[in-house]
Amino acid sequence: MDQQINRPEPALASEPVSRRGVLRAATVSAAAVGAAGLLASPATAAPVGQSQGRRRVPVDRISIQLYTLRDQLTADLPGTLDALRRIGYRRVEHAGFVGRTAAQFRAALDEAGLRSTSGHTGIPQPFDDATWERALADANILGSKKIVHPYFGRDANGQAIRDPAVYRALARDLNRAGRLAERAGLDFGYHNHQLEFVPLTGGSTGFDILTSQTDLRLVHFELDLYWTWRGAHDPIDVIRANRGRIRQVHVKDLDVEGGFADLGDGVIDFGRIFAHEREAGIEEYIVERDDAGTSPRSPADALDTARVGFDFLASLRY
């Protein structure tokens, strides 16, 4: 069964990003989800491009989230996968199987010389062991090492969840999912957006609850660097508070208007963050751009994003 993830694309704020804005946002703690106060550029970062050093991202740990290329994959699965291989990618993270079964999708990856080392598959809500075990079986058919829950944070009316009890319940489900994943030989992770950093009733955040009430042996975190800044949090602070649990990062750039940018074209100093890779426990650096192939861009533009992203990470020194 196809597990295509149709993730909502949150509206982007229009106010330009400022360094003062991140401090204001962190203090005010986001009056509304997606408001300009949530936008954040690194408050203490050096200008992008100044991070230099002898360390580099291992090329064999560079991946790409295939959600970036969703329209292009639908139009031409084998051609798009082959193009990724020619760019230099050896691993990908799936967001569904593009209308194929897991076995058929694995065959397409094999033909292109790619591995889906990770995949985005939402845990069932309400939680159901049998449904999740089928998803784990698909992950093993693909040969994945990791399976990641991709999205949470809005209620039935589309509003940001502010009830801490909802996040506590999710944490219990994540532990349950992680235990079953461990039995299936898989690492289970959680991918954030900005919603987890919205203040809850009582003053904590959903991210605080998820990190404190999930078992570190069963649940790791796939930190989306763009959405973490949009949530008015410095990724380095998140890493320091969760040493060894940030095993994957979504490497996604932020432009001065708060929107998406190809890697290196935005304001995030990735070298500054990656200097903490050992403290974090990073095992995969995953290129992503949520709007890479949507209007006014064309689906084919997503391949340019993929190429720029790979070259940026392969050449980065920090």
Side-chain angles (χ1 to χ4, degrees), residues 1-15 17 21-22 24-40 65 67-68 70-71 95-96 120-128 131-132 135 148-177 188-214 219 221-233 238 250 252 254 257-260 288-292 294-295:
M1 180 176 64
D2 187 16
Q3 294 288 329
Q4 179 67 39
I5 303 296
N6 295 312
R7 293 180 291 181
E9 296 183 16
L12 299 176
S14 58
E15 180 180 317
V17 177
V22 66
R24 181 176 67 247
T27 302
V28 176
S29 293
V33 176
L38 279 174
L39 300 182
Q65 167 52 249
Y67 183 76
T68 304
R70 54 197 178 275
D71 296 323
H120 275 195
T121 303
I123 63 172
Q125 295 284 278
F127 197 85
D128 177 76
T131 300
W132 184 236
V148 179
H149 181 77
Y151 187 83
F152 191 78
R154 294 190 188 274
D155 62 22
N157 297 316
Q159 300 301 308
I161 292 171
R162 296 183 183 271
D163 183 353
V166 176
Y167 275 99
R168 288 194 293 268
L170 175 64
R172 290 192 294 271
D173 284 346
L174 293 177
N175 283 330
R176 191 171 170 184
F188 176 62
Y190 180 89
H191 172 270
N192 69 284
H193 288 75
Q194 88 279 32
L195 298 164
E196 292 85 351
F197 298 107
V198 171
L200 305 177
T201 304
S204 65
T205 68
F207 199 81
D208 291 336
I209 291 173
L210 295 181
T211 53
S212 65
Q213 296 192 17
T214 53
V219 183
F221 289 85
E222 181 179 74
L223 195 67
D224 189 301
L225 303 178
Y226 171 95
W227 289 117
T228 300
W229 279 121
R230 282 290 304 269
H233 279 62
V238 176
H250 270 195
K252 183 187 307 181
L254 172 74
E257 299 295 332
F260 304 108
E288 186 181 33
R289 178 168 171 166
D290 295 28
D291 69 339
T294 57
S295 182

Query raised in the report: Going by heavy atoms in the side chains, are Val238 and Phe221 under 4.5 Å from each other?
Result: no

Whether [X] side chain and [Y] backbone form a donor-acceptor pair below 3.5 Å:
| X | Y | value |
| --- | --- | --- |
| Asp155 | Asn157 | yes |
| His149 | Tyr151 | yes |
| His191 | Pro150 | yes |
| Arg70 | Tyr67 | yes |

Taking all non-hydrogen atoms of both residues, which atom of [X] and which atom of [Y] are closest, and how far apart?
| X | Y | answer |
| --- | --- | --- |
| Lys252 | Arg289 | CG-CA, 4.5 Å |
| Gly122 | Trp132 | O-CZ3, 3.9 Å |
| Leu195 | Ala160 | CD2-CB, 4.2 Å |
| Gly258 | Tyr226 | O-OH, 2.7 Å |
| Ala135 | Thr121 | CB-CG2, 3.8 Å |

By side-chain hydrogen bond (donor to acceptor under 3.5 Å, both in side chains), which residues pair with [X], not counting sequence neighbours?
| X | value |
| --- | --- |
| Asp173 | Gln125 |
| Arg176 | Asp129 |
| Asn175 | none |
| Asn192 | Thr228 |

With sequence neighbours excluded, tell me which residues meet side chain to side chain contact (heavy atoms under 4.5 Å, CB included) with [X].
| X | result |
| --- | --- |
| Ala169 | Arg172 |
| Ser212 | none |
| Thr201 | Arg162, Pro164 |

Within this structure, what is the [atom1]-[atom2] distance for the pair [X] and [Y], rounded to the nearest 0.5 Å?
| X | Y | atom1 | atom2 | value |
| --- | --- | --- | --- | --- |
| Phe188 | Leu174 | CZ | CG | 5.0 Å |
| Glu196 | Ile161 | CD | CD1 | 9.0 Å |
| Gln213 | Arg168 | CD | CZ | 6.5 Å |
| Asp128 | Ile123 | CG | CD1 | 11.5 Å |
| His193 | Arg154 | NE2 | CZ | 9.5 Å |
| Asp208 | Leu200 | CG | CG | 8.0 Å |

**Report entry** Any residue meeting ring pair (Phe, Tyr, Trp, His ring centres under 6.0 Å) with Tyr167, in chain and number order, not counting sequence neighbours
**Finding:** Phe152

